[in-house]
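Each remark here refers to the structure printed beneath this line.
Residues take their numbers from the sequence shown, with the count starting at 1. If you're wondering where the values come from, they're calculated on a predicted model, not measured in any experiment.
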Amino acid sequence: MAIRLIKRGRKYGIVLLLATQSPTKDSIPREITRNVSCGVAFSVADQIANDGLLGSGKYRAGIRATDLRMNTDRGTCVAVGVTDATFELVRTFYIPFEDGIDDVSPVVTRAVALVEETGRAIEAPHRLEIEAAPVDHLADINLVMHGERRVRTQVVLSRLAEHNPAEYEGWSRQRLDRHARHRRCASRQVARRDGHPRRGHRRRAHPPR
């Protein structure tokens, strides 16, 4: 999936960002490293991690994120493929939100205050609501019969409730019969037990839609 997105993402305006704390040849598939155009590495411990993120041979070429200091250079990274330069040192803003330190909330509060001060409203992007596909009751009945020729109605109801609780929980025999009859597949007597008739459904009466 990731490889297909990388190859086709630009065509559809998709930018895929991949992050890992274990940048080795075993943790990153070779097809991914071959198709990634940009690499970024913050402070790493060794040559393997360095080349896993920035590309094979980068450490030997002197492009080394191992030179970055773990705490002192927080927010600074080595980047390749971002511009035409062989590599770049990029400094980002590191806003701590850890160990009881919260510098994120003040930034958000200040940004919201500035928006309110200018009288501009933040409009949420329009999102298309995805309508759930209608439930095909006949197909579900056929599915839960598990290929059996005859199945008791109560068993069918139990399997339907297990298959899709939101749709079939609480269904009665009458309701199942009503939906089946609508498709001309009403239940019928399929067996007797202890002298009592049992109603059920025949699989041949429920062909896939």
Test: Arg74 and Glu98 ion pair at under 4.0 Å: yes
Interatomic spacing from CG in Asp140 to CG in Asn142 - rounded to 0.5 Å: 9.5 Å
Heavy-atom donor-acceptor pair, Thr76 side chain to Arg91 backbone, under 3.5 Å: no
Between Glu88 and Thr83: side-chain donor-acceptor atoms closer than 3.5 Å: yes
Spacing of Lys58 atom NZ and Gln47 atom CD [to the nearest 0.5 Å]: 12.5 Å
Passing option when Ser43 is tested against Asn71, Asp67, Leu68, Thr66 for side-chain contact (heavy atoms from CB on, under 4.5 Å): Leu68
Side chain to side chain, Ile63 and Val80, heavy atoms closer than 4.5 Å: yes
Thr109 (side chain) donor-acceptor with Ser105 (main chain) under 3.5 angstrom: yes
Heavy-atom side-chain proximity of Leu176 to Tyr168 below 4.5 angstrom: no
Within one Ile-Leu-Val-Met-Phe-Trp-Tyr cluster: Ile48 and Phe42, side-chain cutoff 4.5 Å: no
Heavy-atom closest pair, residues His163 and Val144: CB-CG1, 4.1 Å
Any side-chain heavy-atom pair of Leu53 and Val44 under 4.5 Å: yes
Pairwise side-chain contact, Val78 with Val40, heavy-atom cut-off 4.5 Å (strictly under): no
Ile101-Ile95 co-clustered via ILVMFWY side chain contacts under 4.5 Å: no
Any Thr153 side-chain heavy atom under 4.5 Å of Leu157 side chain: yes
Met70 reachable from Leu54 in the ILVMFWY side-chain graph, under 4.5 Å edges: no
Val15: hydrophobic cluster co-members (side-chain, 4.5 Å): Leu17
Side chain Thr72, main chain Arg69, donor-acceptor under 3.5 Å: no
From Asn164 atom CG to Glu162 atom CD, the distance as rounded to the nearest 0.5 Å: 11.5 Å
In one Ile/Leu/Val/Met/Phe/Trp/Tyr side-chain cluster, 4.5 Å: Trp171, Met145: yes
Asp102 side chain to Phe97 backbone, donor-acceptor under 3.5 Å: no
Note, Glu167 side chain near His137 side chain (heavy atom, < 4.5 Å): yes
In one Ile/Leu/Val/Met/Phe/Trp/Tyr side-chain cluster, 4.5 Å: Leu160, Leu143: no
Between Tyr59 and Asp46, a side-chain donor and acceptor under 3.5 Å: no
Val82 vs Val90, side chain to side chain contact (heavy atoms under 4.5 Å, CB included): CA-CA, chis, key distance, verdict: CA-CA 10 Å; Val82 178; Val90 179; 5.8 Å; no
Charged N-O contact under 4.0 Å between Glu148 and Arg159: yes
